[in-house]
There are 2 protein chains.
Amino acid sequence: MQISSRFSIGVHILSLLAIRPQDHHTSEWLAGSVGTNPVVIRRVLGHLKKAGLANVKAGSGGATLARELDEITLLDVYRAVDVVEEGRLFHMHEQPNPACPVGANIEQVLRLMMVKAQAAMEGVLAAVTMRELVDVLAREIEGKRAGNG
Amino acid sequence: MQISSRFSIGVHILSLLAIRPQDHHTSEWLAGSVGTNPVVIRRVLGHLKKAGLANVKAGSGGATLARELDEITLLDVYRAVDVVEEGRLFHMHEQPNPACPVGANIEQVLRLMMVKAQAAMEGVLAAVTMRELVDVLAREIEGKRAGNG
DNA sequence: GTAAGACGTAACTATAATAGTTACAACGAA
DNA sequence: TTCGTTGTAACTATTATAGTTACGTCTTAC
């Protein structure tokens with residue numbers, strides 16, 4: 001199983017808001033770059049708004065960043081779009097037999113490892129800010145424009 | 001989304017094989033401890049067998065460890081049961097617009113981070129052997145038997 | 001040899017999440 | 001007051017999980 005693309009869509013949206021601050025970012029416009037339906041964008045944007053990462057103007061429309069890029073980590077986005085429940089990246093089978101010594105104790109032992117593994121993954125996301133990502137992205141774009149891509 | 005319980009079931013099965021080496025481990029017996037259907041056990045056991053972690057006797061039945069506990073890491077089990085495709089823990093949206101600078105470059109930039117995050121998670125699993133897990137488990141069981149649980 | 005028990009696998013089901021789509025009320029700005 | 005947009009409900013198709021029944025095949029023991 002995979003972590004929902006809501007995460008990558010969220011990062012894509014924030015990157016667009018950062019790189020093209022002058023444009024009018026309607027859900028239709030954003031959907032054009034992401035390659036999906038405007039409603040999918042509105043749903044992700046709703047998550048970003050709720051998490052305080054983006055502002056969305058009702059009526060006239062258009063989204064903007066609600067925070068500096070330095071103050072948004074990939075973990076913030078990941079948590080905002082609600083792709084993995086806290087400490088529950090791994091699904092543990094639910095009815096181990098309490099009458100069996102192994103069944104009665106496997107969960108708490110294995111859970112330790114699972115939480116640690118998940119934390120390591122999320123630690124990597126926490127260490128990358130949208131500023132860094134957008135900088136790499138901008139360099140990538142510039143590189144291709146110069147004919148090196 | 002969550003990583004399939006095939007992983008936790010696989011660990012549970014191997015723990016049983018290790019802790020009770022004398023028993024006749026049929027899928028029915030294992031299913032009793034895991035709390036599921038024998039067919040589910042056979043399917044997971046099939047993965048473990050294919051990966052060289054367990055032996056399963058046809059006809060008379062019964063599973064045994066195919067390797068020393070020290071030589072089985074949690075990552076081996078995780079890979080054996082095929083819960084996450086290599087480098088694809090995260091699902092990236094699939095049609096970013098190549099005509100948009102961001103759409104054309106977001107994937108390769110974001111993919112870097114995703115792979116790194118996944119690797120960190122798997123690194124934790126790689127660092128834990130079934131020997132270590134079974135030792136902790138055995139201590140846990142012994143502790144409860146002594147009335148401290 | 002043959003009967004009993006167990007594995008391997010196919011086939012079907014229910015459940016849940018994802019992601020796309022249409023539709024529409026509410027809102028804001030020109 | 002009209003136009004474009006947001007927020008959200010409702011529906012769909014697709015996919016994965018996990019449980020279940022069923023059955024052919026195999027091993028062992030009698």
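Sequence lines set the chain letters: A, B, ... in the order given, protein chains first and strands last, and positions in each chain run from 1. Heavy atoms only: backbone and side chains are in, while hydrogens, waters and symmetry mates are out. Just so it is clear, the model here is predicted, and its values are computed rather than measured.
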Next item on the list: Indicate whether OP1 or OP2 belonging to D:dA18 is found under 4.0 Å from a side-chain N or O atom of B:Ser5.
Entry: yes
Here the distance between atom P of D:dT5 and atom NE2 of A:His24, to the nearest Å, is 7 Å
Nearest-nucleotide check on DNA chain C, A:Thr36 vs B:Gly62; residue mapping nearer the 5' end is B:Gly62
Whole-Å distance, B:Gln2 CD to C:dT15 C1', equals 14 Å
Between A:Ala63 and A:Met1, the residue closer to the 5' end of DNA chain D by nearest nucleotide is A:Ala63
Worksheet item: Is a donor on one side and an acceptor on the other found under 3.5 Å between the side chain of A:Gln118 and the backbone of A:Leu89?
Response: yes
Quick one: which protein N/O atoms are closer than 3.5 Å to N/O atoms of nucleotides 26-30 of chain C? Pair and distance per line, please.
none

**B:Phe7 and A:Phe90 aromatic ring geometry - parallel, tilted or perpendicular at 30°/60° bounds** = tilted
- Query: Has A:Ser27 got a side-chain N or O lying under 4.0 Å from the OP1 or OP2 atom of D:dT6?
  - Reply: yes
> Should we count CD of B:Glu68 as having more than 12 external heavy atoms under 6.0 Å?
Replying inline: no
* **Whether B:Asp23 side chain and B:His25 backbone form a donor-acceptor pair below 3.5 Å** => no
* **Donor-acceptor contact present, side-chain B:His91 to main-chain A:Ser4, <3.5 Å** => no
Salt bridge (Lys or Arg N to Asp or Glu O under 4.0 Å) pairs touching residues 24-45 of chain B, sequence neighbours excluded, are none
Discussion item. Does a side-chain N or O of A:Thr26 approach OP1 or OP2 of D:dT6 to a distance below 4.0 Å, or not?
Written reply: no
Rounded to whole Å, the NE2-C1' distance (A:His25 to D:dT6) equals 16 Å
Reckon B:His91 has a side-chain N or O less than 4.0 Å from the OP1 or OP2 of C:dA19?
yes
Practice item. May I ask you to decide if A:Asp76's main-chain N or O and A:Thr73's side chain share a donor-acceptor pair within less than 3.5 Å? Key: yes
Short heteroatom pairs, N/O only, protein and nucleotides 8-13 of chain D, under 3.5 Å:
| unit_1 | atom_1 | unit_2 | atom_2 | d |
| --- | --- | --- | --- | --- |
| D:dT8 | O4 | A:Arg42 | NH1 | 3.3 |
| D:dA10 | N6 | A:Arg43 | NH1 | 3.3 |

A:Lys50 atom NZ is separated from D:dG7 atom P, nearest whole Å, by 13 Å
Legend entry - Any side-chain donor near an acceptor of the partner, B:Ser33 and B:His12, under 3.5 Å: yes
Worksheet item: Could A:Glu71 and A:Arg131 be called an ion pair, given the rule that one side-chain N must be under 4.0 Å from one carboxylate O?
Response: no
ask   = Does C:dA19 have OP1 or OP2 sitting under 4.0 Å from an N or O in the side chain of A:Ser4?
value = yes
A:His12 NE2 to C:dA19 P, in whole Å, measures 15 Å
Tell me whether the side-chain N/O atoms of A:Lys49 come closer than 4.0 Å to OP1 or OP2 in D:dT6. no
